[in-house]
Amino acid sequence: MPEIKVTPLGAGQDVGRSCILVSIAGKNVMLDCGMHMGYNDDRRFPDFSYITQNGSFLPDHNRDGKSKQVFEMVGYDGPIYMTHPTKAICPILLEDYRKITVDKKGETNFFTSQMIKDCMKKVVAVHLHQTVQGDYNMTPDRHLGAAWIDKCRPDLLITESTYATTIRDSKRCRERDFLKKVHETVERGGKVLIPVFALGRAQELCILLETFWERMNLKAPIYFSTGLTEKANHYYKLFITWTNQKIRKTFVQRNMFEFKHIKAFDRAFADNPGPMVVFATPGMLHAGQSLQIFRKWAGNEKNMVIMPGYCVQGTVGHKILSGQRKLEMEGRQILEVKMQVEYMSFSAHADAKGIMQLIRQAEPRNVLLVHGEAKKMEFLKQKIEQEFHVNCYMPANGETTTIFTNPSIPVDISLGLLKRETAIGLLPDAKKPKLMHGTLIMKDNSFRLVSPEQALKELGLAEHQLRFTCRVHIQDPRKEHETVLRVYNHLKGVLKDYSVQHLPDGSITVESILIQATAHSEDQGTKVLLVSWTYQDEELGSYLTSLLKKGLPQSTS
């Protein structure tokens, strides 16, 4: 019985360093390869000891991709599958992260620029529905559509569970609250810091504020950190066809990623007096420009920091959201946080309602939860098992879950094909499997087995006949026509239930199988039998070939 083995190398009962190893039919596929932002040592990486050179790698094309090249350091040499936009932006994201980690922080055990280039050579670009999605959201964004999946009934659905116990309020309410808090802060002369990752939330919130500023005719400056987000916006313009329908429709009149009110940020602007809004990377306040600005603005109670996404344990973002107001920074300096701290979820992750909605759409036979906190996953696991009556698993890192499958694909058989089979006396027998010949048509996620004639008619195709020919060498010093006669008599005696004919041109037919004899070009004592058959008679053709290879009995004349 075929089985699927799933081993989380990261994100097993944990958030961060998402990396799932799936073994199926002797093949290893690694889904995603993330990093944990709460650690600065080797714990930030997944456990790569399971990786072999026979595997493949499918990155999550919606993640910022910070460690997708780490495995270049451990000698992985297989293919890496990405969507076209991911392939375009990935090297830029990785090089930016390398600069922050190596050039600014001075770390040594990290990937190099050359490793990024070498790794990108292994990338195979695929279309959206050919790859895997790690983070998904069932609610549409202002720039991307909602996640959606066919009722494909897979043996196993692996889903993230970051917000396993959270049910968010409506997107419209969150947007209204976000705009209200930003507006109130700038009106009283305060500064607003919005830590974001370069892809996803940055573009959604930029579109939201751009539209609001235009409508309200506000003058306070809005900035986004130069470099990475600017390049990301460039790729959003380039891959406009991957965005939602509204942006595609208005693209001709105005590209929504051409911002009028949002300008590039310069480090010196952080010290400017007066109100402003700044989007800065990264999104969890664990490094980079967002952390530098936070340190400058944290002491002023007029200012506000809005965290729009999930923050893993150990990051500054997680600490301030947990209520800490005195933070120990580098060099044991204590930073007192007086600015207002707000959390407004514009996360790319689905909430509990969205996860249940996806499961309902897909109708899987088994569910496996990853990328979530253990207690919250346990609650969601029970909910899934109660509501959908399927097995739900939540393996820890390094723990293997084995799913036993029983592949069963329902196929509708046309009445005409059934009548034809029963007309030749082949009645169904429950104890004896019946082999039926027909053409399998897949349409609208369903399968139908029809006669070749019906398939050709439905598809508007002309018939082509394909024949297989096999050479069989027989030791026989007689003349060719005598050898043919010996073969004919031998087959006539063995195949009593089949129509065996000796034709005037010297060839033999067994049903649709044709047998001809020729002399060997170098050895006159050897005859070459050419056995030719159509694919419908594959079984009989193989049997005849095996029979003739055994030679002719001496008594056959």
Side-chain angles (χ1 to χ4, degrees), residues 1-2 4 22 24-25 27 29 31 56 58 61 81-85 124-133 136 138 140 144-159 241-245 248-249 354 356-367 388-390 403-424 426-430 433-468 512 533-539:
M1 187 182 290
I4 303 169
V22 179
I24 183 167
K27 296 286 184 183
V29 180
L31 309 176
S56 301
L58 284 164
H61 56 267
Y81 298 98
M82 296 181 183
T83 59
H84 293 273
V124 178
V126 293
H127 296 295
L128 178 65
H129 299 293
Q130 292 176 288
T131 186
V132 62
Q133 174 74 335
Y136 64 90
M138 303 304 284
L144 298 174
W148 180 85
I149 192 169
D150 269 333
K151 193 167 282 190
C152 50
R153 299 185 179 92
D155 287 307
L156 175 64
L157 174 68
I158 302 174
T159 174
T241 54
W242 290 64
T243 58
N244 66 24
Q245 193 174 2
R248 290 200 306 272
K249 275 186 176 180
M356 298 296 276
Q357 188 181 338
L358 187 84
I359 295 169
R360 196 171 291 109
Q361 280 183 8
E363 291 189 4
R365 295 178 182 88
N366 298 274
V367 176
F388 299 107
H389 307 291
V390 297
I403 310 291
F404 294 99
T405 65
N406 187 16
S408 175
I409 302 171
V411 177
D412 293 328
I413 301 175
S414 73
L415 190 61
L417 186 62
L418 280 172
K419 283 181 177 178
R420 191 173 73 178
E421 293 288 332
T422 52
I424 53 176
L426 298 171
L427 294 171
D429 185 348
K434 169 72 183 75
L435 182 66
M436 292 186 73
H437 289 285
T439 303
L440 190 65
I441 298 178
M442 185 175 72
K443 190 177 180 182
D444 299 328
N445 293 318
S446 63
F447 294 89
R448 285 190 305 127
L449 190 68
V450 301
S451 65
E453 298 79 22
Q454 186 179 338
L456 290 169
K457 187 177 178 182
E458 282 187 24
L459 301 171
L461 299 174
E463 184 176 7
H464 298 271
Q465 194 174 67
L466 185 68
R467 296 188 72 88
F468 302 90
S512 72
W533 64 88
T534 62
Y535 77 93
Q536 290 97 333
D537 287 316
E538 169 69 28
E539 202 173 327

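Quick note: residue numbers are just sequence positions, from 1. All values below were derived from every heavy atom in this structure, side-chain atoms included, with hydrogens, water molecules and symmetry-related copies excluded.
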- Evaluation steps, side-chain contact (heavy atoms from CB on, under 4.5 Å), between Ile158 and Val22: CA-CA 10 Å; Ile158 302 174; Val22 179; 4.0 Å; yes
- Task: Please report the shortest heavy-atom distance between Ser414 and Ser451, naming the atom on each side.
- Result: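 Scanning both residues, the minimum pair turns out to be OG-N, 4.2 Å.
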- At what distance, to the nearest 0.5 angstrom, does NE2 of His437 lie from CD of Glu539?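 Those atoms lie 7.0 Å apart.
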- Query: Which value, rounded to the nearest 0.5 Å, describes the distance between Arg448 atom CZ and Ile413 atom CD1?
  - Reply: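 That separation rounds to 12.0 Å.
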- Query: Once you round to the nearest 0.5 Å, how far does CD1 of Ile4 lie from CG of Asp155?
  - Reply: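 Going from CD1 on Ile4 over to CG on Asp155, the span is 5.0 Å.
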- Query: If you round to the nearest 0.5 Å, how far is CZ of Arg365 from CD1 of Ile403?
  - Reply: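 Going from the CD1 atom of Ile403 to the CZ atom of Arg365 covers 12.5 Å.
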- For Gln454, enumerate each residue passing the side chain to side chain donor-acceptor pair (under 3.5 Å) test, keeping only those at least two apart in sequence or located in another chain.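 By the side chain to side chain donor-acceptor pair (under 3.5 Å) rule, Gln454 matches Glu458.
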- Test side-chain contact (heavy atoms from CB on, under 4.5 Å) on Ile24 and Thr405 and set out the steps. CA-CA 11 Å; Ile24 183 167; Thr405 65; over 6 Å; no
- Query: Are Val390 and Ile359 side-chain neighbours, meaning at least one heavy-atom pair lies under 4.5 Å?
  - Reply: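 They are not in contact (no side-chain heavy atoms under 4.5 Å apart), so the answer is no.
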- Query: Under the side chain to side chain donor-acceptor pair (under 3.5 Å) test, which residues partner Asp537, sequence neighbours left out?
  - Reply: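 By the side chain to side chain donor-acceptor pair (under 3.5 Å) rule, Asp537 matches Ser512.
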- What's the spacing between Ser446 OG and Ile409 CD1 if we round to 0.5 Å?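 Here the rounded value is 12.5 Å.
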- Which heavy atom of Pro154 sits nearest a heavy atom of Ala362, and at what distance?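 The answer is CD-O, 3.5 Å.
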- Non-neighbouring partners of Glu363 that pass salt bridge (Lys or Arg N to Asp or Glu O under 4.0 Å), sequence neighbours left out: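 Glu363 satisfies salt bridge (Lys or Arg N to Asp or Glu O under 4.0 Å) with Lys151, Arg153 once adjacent residues are dropped.
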- Task: Apply side-chain contact (heavy atoms from CB on, under 4.5 Å) to Leu459 and list each qualifying residue two or more places apart in sequence or on a separate chain.
- Result: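 Per chain and number, Leu459 pairs via side-chain contact (heavy atoms from CB on, under 4.5 Å) with Leu461.
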- Of all the heavy-atom pairs spanning Glu538 and Trp533, show the shortest one and how long it is.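 For Glu538 and Trp533, the tightest heavy-atom pair comes out as OE1-NE1, 3.2 Å.
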- Can you name the residues that form a salt bridge (Lys or Arg N to Asp or Glu O under 4.0 Å) with Asp412, not counting sequence neighbours?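 If we apply the salt bridge (Lys or Arg N to Asp or Glu O under 4.0 Å) test to Asp412, skipping adjacent residues, there are no hits.
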